[in-house]
Amino acid sequence: MDHITHTVADERCDIYFPTHDDDIGQFFDFLAQGHALLGFDTEGTGLDIYTAKHQLRLVQIGSATEAWVLRVDMFRDAICKALRQDRQYVAHNAPFDCLVVDRHLGVKLEDLMPRVMDTRLMGHLIDPRNKLEGGQGLRLKDMCAVYVDPAAPDTESDLTAVFNSMRMTKSSGWARIPINHRTYVTYAGLDPILARRLVTPLSKIIMQQGLGNLSTFEHELQYLTTLMQRKGILIDVPYTERLKVELLNEQDQFCDIAMDLGLDNVNSPQQVSAKLIAMGEELTERTKEGAVKVDRAVLLQLAALNQQWERISGREPNMVADAVVRAKRAGKWAETYAQSFLDLRDPFDRLHPGINSMQARTARMSINSPPLQQLPAREWKVRRSFIPDPGQVMIAVDFQAVEMRVLAAVAEEYIMQQAIASGLDLHSFTAERVFGANFTKEHRQIAKAVGFGKVYGGGAETISRQTGADIPSVKQALVAYDRTFPGIRRYSYKLIERMKSGGLFEVVTPIGRRLPVDEDRLYAATNYVVQSTARDLFAKAIVRIFKAGLGDYLLLPIHDELLGQAPVADAQDVVTEIGKLMESTFMGVKIQSSPKVVGSSWGAAYGAPEDLPTGVVERVGRRKKPGTWDQEELDVFSLL
DNA sequence: ACGATCACG
DNA sequence: ACGTACGTGATCGTG
């Protein structure tokens, strides 16, 4: 048995690392002391817990002063036994560790997770901001520095330094560092001690602030999204392989064109702006840091393309700008989407994206590895990669204009509430009030953008840039909007005045969530309340769906849309039932949903055909660089 | 490590 | 006095 002592908050802590089979008896003596709540953490070879190569190395269990660092290869049964005992655990970012032991030890989520508290979740309820934004931060180290011990070690980044000193990278270090390395064992042992210490002050603050029920709800929700993460979603691998090659070929083709026109690297904003300026283009927009802005909007305009990528008249298209936007889009889709789907899939071709049930300042969820909330939506090609299990079809349920409905409710905007209650299309209703009975499709588009602009706190210039509408008509629409819906402006004003007079820069949402507001961006308060409340309605719907026994049909939460799958014969019934469970009345305003049977892939919701031709596409590759032409090619050039 | 960019609701 | 577009995650280039 190795024994290491360490000091946390001026108290001696013991870390035990059993090295012989006989040592484990003392671990059970420790468990027999009857701690009702213990810290829990794991160390594995990486974050990719569903890949075939991933391995679990250590499981750590500890009280406030004593930790046991257990090798999985030696003490598997003891670890399982301990985790299954009737006791609460606390972990920092519980979904990860719970999924790890579910996958590697067979200690199922259903058994363990309802007994695990998460210090990250609790910290988020107290202050959702990271350190840069002025909050306490949500990393274990950040929170311990505030609530446990300012000198608490940053176990993760300190270990990274150890890896580097041993000539390992951050990613390889977790797999390669000797399992009995003293620093590794020490830091592994400190994590459950820190989590256990952290939970006491956090609980106290949560109770003081009346957030106890919300904390219970968020832990429940987190368990459900973790079930969704474990289930995962099936990938059409042959399709995705082909898509990747097609996209890479497209990227190469447009990189070649850019190269011929004298641009080396389409991904370098510096090179792109220099080239365009040299061609005589006038680039007036600047980034926050003052660099010449050459984002997609700027490039599309130079390429004489509208926001739907259709060629427009009015100017000669700049073919460099055209090649750059096309190459960048193809490259992004190939790398961030197709390639990452293939890299991150499990041996059964399923993807298990990280679902963070409470991430944004407004508590909105996020999804990472890969970012499935951000797949291209105007085209079906990327979403076509996601298919239901055999015998099933994709289903989806959307909230209908939920943020506008929440806004109408919280702002007590009765005209808007009436428009919603009468079943009118809200943006058409606005367009009619603003532009008259003969409003056009473009007018509706402006009205819609102004509606979002109001929710986000935007001004005429931004809305104009977004929609392409000229500033005077946007201004006119904004004025008419305020006249039509006076409650919105009044509500926003009220929130800001209350913060200014009270000197307390936060808003409290209708369900009692406290959201800090930056003092120099008070206008964001309305958006925070609206976005956060819409998220909470969505979260409650997820809990209702699971309580009704339909949770197993769900695959992904996407802010205001639930994606799922169901057996072909039942799909219509299932999606209708889920749709009903998503509906509610919030402060007198109806929250409605649109259930749909999507089809044989997620892409079917965006126009993908049910069947695609099969076959392999060959990778073409880049042409040679200019200056390396052979004679035949030079002959062709001389003819041009 | 950080800025710029691009993908979404 | 006025006006401010909100929230994410991933990749690439750059220093």
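- Counting any heavy atom pair closer than 4.0 Å across all strands shown, A:G459 reaches sugar-phosphate atoms only and no base atom.
- The pair A:D518-A:R361 meets the salt-bridge criterion, since a charged nitrogen lies less than 4.0 angstrom from a carboxylate oxygen.
- In the model, A:S532 has no side-chain atom that pairs as donor or acceptor with a side-chain atom of A:T509 under 3.5 Å.
- Considering only residues two or more places apart in sequence or on other chains, A:Y50 meets the ring-ring contact (aromatic ring centres under 6.0 Å, His included) condition with A:H352.
- Among the heavy atoms of the strands, none lies under 4.0 Å from A:L372.
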Report task. Could you encode protein contacts along nucleotides 4-9 of chain B as a string, one character per nucleotide from 5' to 3', using B for base contact, S for sugar-phosphate-only contact and - for no contact, with a heavy-atom cut-off of under 4.0 Å? Result -> SSBBBB

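- Within a 6.0 Å sphere centred on CD of A:E506, heavy atoms belonging to other residues, nucleotides or ligands number more than 12.
- Between the P atoms of B:dG9 and C:dT4, the separation comes to 25 Å (whole Å).
- Taking a cutoff of 4.0 Å between a charged side-chain nitrogen and a carboxylate oxygen, A:D536 and A:K540 do not qualify as a salt bridge.
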For a quick test of your reading: what N or O donor-acceptor pairs under 3.5 Å do the side chains of residues 394-404 of chain A make, sequence neighbours left out?
from, atom 1, to, atom 2, distance (Å)
A:Q400, NE2, A:S593, O, 3.3

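- Where A:T362 and A:Q271 each meet DNA chain C at their nearest nucleotide, the meeting point lying more 5' is that of A:T362.
- With respect to the salt-bridge test (charged N to carboxylate O, under 4.0 angstrom), the residues A:R513 and A:E218 qualify.
- With respect to A:Y493, the side-chain contact (heavy atoms from CB on, under 4.5 Å) criterion is satisfied by exactly one of A:R489, A:R490, A:E497: A:E497.
- C:dA5 sits 16 Å from B:dA4 when the P atoms are compared, rounded to a whole Å.
- In this structure, the ring of A:W380 has its center no less than 6.0 angstrom from the ring center of A:Y606.
- For the pair A:R329 and A:W309, the cation sits on the ring face: its NZ or CZ lies under 6.0 Å from the ring centre, inside 45° of the axis.
- Stem regions for DNA chain C, each three or more consecutive Watson-Crick or G-U pairs with both distances under 3.5 Å and listed by first number, read B:1-9 with C:6-14.
- A 6.0 Å sphere centred on NZ of A:K381 holds no more than 12 heavy atoms belonging to other residues, nucleotides or ligands.
- Among the atoms of the strands shown, only primed sugar atoms or phosphate atoms (P, OP1, OP2) are found under 4.0 Å from some heavy atom of A:S369.
- Between A:D482 and A:K454 there is a salt bridge, since at least one side-chain N of the basic residue sits less than 4.0 Å from a carboxylate O of the acidic one.
- With salt bridges taken as basic N to acidic carboxylate O contacts below 4.0 Å, none links A:R535 and A:D560.
- Heavy atoms of A:T462 sit under 4.0 angstrom from at least one base atom.
- Contacts between chain A and DNA chain C, taken as any atom within less than 4.0 angstrom of a protein heavy atom, begin and end at C:dT4 to C:dT14.
- For the segment residues 470-483 of chain A, the set of residues with a heavy atom within less than 4.0 Å of an atom of DNA chain C is empty.
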